[in-house]
Trainee: 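Handing you this structure, nothing more for now.
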Amino acid sequence: IVSLSLAVMAVLDIKVEFGGGLELLFDNQKTLSVSIPRASDDTAVTIKDVLVHLKDHHVRERPEMFLQGDTVRPGVLTLVNDTDWELCGGAEYEVQPGDNLTFISTLHGG
């Protein structure tokens with residue numbers, strides 16, 4: 001007799017928006033509903049985790065235009081529920097269910 005145990009992974013559902021041309025990197029999608037996997041309901045998910053998930057699963061081209069190392073590149077305004085992420089804790093902010101993350105590029109050609 002074989003006993004199978006299926007681990008049900010908890011997810012964190014958030015909304016992610018892009019502007020200033022960043023949507024071009026995400027298949028022209030200005031808004032994504034994203035489900036971030038986590039080990040359990042009490043496992044914290046940081047913005048850094050969200051960035052890795054976006055890079056691995058949603059960026060369609062030129063990830064270097066969105067990320068530099070493990071954070072957003074300079075010139076990308078990052079908002080958590082319409083508030084500058086630096087006021088919320090930056091990349092270490094613990095994302096909450098229903099949060100809205102917005103990434104806007106302030107870099108434009110000319």
Side-chain angles (χ1 to χ4, degrees):
I1 297 177
V2 176
S3 174
L4 293 177
S5 167
L6 296 176
V8 177
M9 185 166 283
V11 295
L12 175 70
D13 294 319
I14 59 170
K15 181 177 171 187
V16 182
E17 297 179 305
F18 306 99
L22 283 178
E23 65 276 6
L24 298 173
L25 308 179
F26 293 86
D27 208 20
N28 279 326
Q29 296 183 57
K30 288 187 177 252
T31 304
L32 292 175
S33 293
V34 178
S35 295
I36 309 293
R38 56 188 179 161
S40 68
D41 284 335
D42 59 350
T43 301
V45 173
T46 65
I47 291 181
K48 189 181 289 189
D49 298 323
V50 173
L51 294 174
V52 169
H53 181 83
L54 289 173
K55 182 183 82 161
D56 291 347
H57 300 282
H58 296 283
V59 173
R60 297 293 177 239
E61 60 181 78
R62 302 182 67 189
E64 71 278 3
M65 298 301 294
F66 178 53
L67 299 175
Q68 185 173 35
D70 61 357
T71 190
V72 293
R73 69 177 286 129
V76 174
L77 176 64
T78 303
L79 304 173
V80 177
N81 302 320
D82 297 324
T83 301
D84 189 325
W85 75 326
E86 294 298 335
L87 299 174
C88 301
E92 299 306 319
Y93 169 77
E94 293 183 5
V95 182
Q96 303 301 309
D99 273 354
N100 184 20
L101 302 182
T102 305
F103 300 95
I104 303 170
S105 176
T106 62
L107 306 173
H108 302 282

Trainee: At what distance, to the nearest 0.5 angstrom, does CZ of Arg60 lie from CG of Leu25?
Mentor: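 One finds 11.5 Å between CZ of Arg60 and CG of Leu25.
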
Trainee: Shared ILVMFWY cluster between Val59 and Val76, side chains joined below 4.5 angstrom?
Mentor: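 Yes, Val59 and Val76 fall within the same hydrophobic cluster.
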
Trainee: Using the side-chain hydrogen bond (donor to acceptor under 3.5 Å, both in side chains) criterion, which residues pair with Ser35? Sequence neighbours excluded.
Mentor: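 Expected list: Asp13.
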
Trainee: Distance check, rounded to the nearest 0.5 Å: Leu32 atom CG versus Leu101 atom CG?
Mentor: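 Answer for the CG-CG pair, Leu32 versus Leu101, is 11.0 Å.
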
Trainee: Please find the pair of heavy atoms, one from Gly20 and one from Ser105, that lie closest to each other, and give the distance.
Mentor: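 Heavy atoms only, the tightest pair is O-CB, 3.4 Å.
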
Trainee: Sequence neighbours excluded, which residues qualify as ring pair (Phe, Tyr, Trp, His ring centres under 6.0 Å) partners of His58?
Mentor: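 Partners of His58 under the ring pair (Phe, Tyr, Trp, His ring centres under 6.0 Å) test: His53.
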
Trainee: Other than Ile104, which residues form its hydrophobic cluster under the rule that side-chain heavy atoms must be closer than 4.5 Å?
Mentor: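 Traced through the cluster, Ile104 reaches Leu77, Leu79.
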
Trainee: Taking all heavy atoms of Ile47 and all of Gly90, pick out the closest pair and write down the distance.
Mentor: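 Of all heavy-atom pairs spanning Ile47 and Gly90, the closest is CD1-O, 3.7 Å.
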
Trainee: Could you tell me which residues satisfy side-chain hydrogen bond (donor to acceptor under 3.5 Å, both in side chains) with Glu92, sequence neighbours excluded, listed by chain and number?
Mentor: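 Glu92 satisfies side-chain hydrogen bond (donor to acceptor under 3.5 Å, both in side chains) with Lys48 once adjacent residues are dropped.
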
Trainee: Quick one: list whatever passes side-chain contact (heavy atoms from CB on, under 4.5 Å) with Asp49, sequence neighbours left out.
Mentor: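 Testing Asp49 for side-chain contact (heavy atoms from CB on, under 4.5 Å), a comparison that skips the adjacent residues, returns Val45, Thr46.
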
Trainee: Considering residues at least two apart in sequence or located in another chain, which fulfil the salt bridge (Lys or Arg N to Asp or Glu O under 4.0 Å) criterion with Glu64?
Mentor: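 Salt bridge (Lys or Arg N to Asp or Glu O under 4.0 Å) check on Glu64 returns Arg62.
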
Trainee: Using the rule that Ile, Leu, Val, Met, Phe, Trp and Tyr join whenever any side-chain heavy atoms are under 4.5 Å apart, tell me whether Val34 and Phe103 fall into a single cluster.
Mentor: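 Shared cluster, yes.
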
Trainee: Residues in side-chain hydrogen bond (donor to acceptor under 3.5 Å, both in side chains) with Asp84, at least two apart?
Mentor: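 For Asp84 there are no side-chain hydrogen bond (donor to acceptor under 3.5 Å, both in side chains) partners, ignoring immediate neighbours.
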
Trainee: When rounded to the nearest 0.5 angstrom, what distance separates CG in Asp70 from CG in Leu51?
Mentor: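 Reported to 0.5 Å precision, the distance equals 8.0 Å.
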
Trainee: For Val95 and Val50: C-alpha separation, side-chain torsions, deciding distance, then whether side chain to side chain contact (heavy atoms under 4.5 Å, CB included) applies.
Mentor: CA-CA 9 Å; Val95 182; Val50 173; 4.0 Å; yes

Trainee: Please tell me whether Val80 and Ile36 are part of a single hydrophobic cluster in this structure, the criterion being side-chain heavy atoms less than 4.5 Å apart.
Mentor: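 Both belong to a single hydrophobic cluster.
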
Trainee: To the nearest 0.5 angstrom, please state how far the CG atom of Leu22 sits from the OG1 atom of Thr106.
Mentor: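 Answer for the CG-OG1 pair, Leu22 versus Thr106, is 9.0 Å.
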
Trainee: Which pairs with one or both residues in residues 18-29 pass salt bridge (charged side-chain N to carboxylate O under 4.0 Å, His left out), sequence neighbours excluded?
Mentor: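 Applying salt bridge (charged side-chain N to carboxylate O under 4.0 Å, His left out) to every pair that reaches into residues 18-29, excluding sequence neighbours, yields Glu23-Lys30.
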
Trainee: Taking ring pair (Phe, Tyr, Trp, His ring centres under 6.0 Å) as the test, write out the residues that go with Phe26, two or more places apart.
Mentor: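 For Phe26 the ring pair (Phe, Tyr, Trp, His ring centres under 6.0 Å) partners, ignoring immediate neighbours, are Phe18, Phe66.
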
Trainee: Taking only residues two or more places apart in sequence, or in another chain, which ones meet Thr78 in a side-chain hydrogen bond (donor to acceptor under 3.5 Å, both in side chains)?
Mentor: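 side-chain hydrogen bond (donor to acceptor under 3.5 Å, both in side chains) check on Thr78 returns nothing, list empty.
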
Trainee: Applying side chain to side chain donor-acceptor pair (under 3.5 Å), which residue pairs with at least one partner in residues 95-104 are found, sequence neighbours left out?
Mentor: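 Matches after skipping sequence neighbours: Glu17-Asn100, Glu17-Thr102, Asn81-Asp99, Tyr93-Asp99.
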
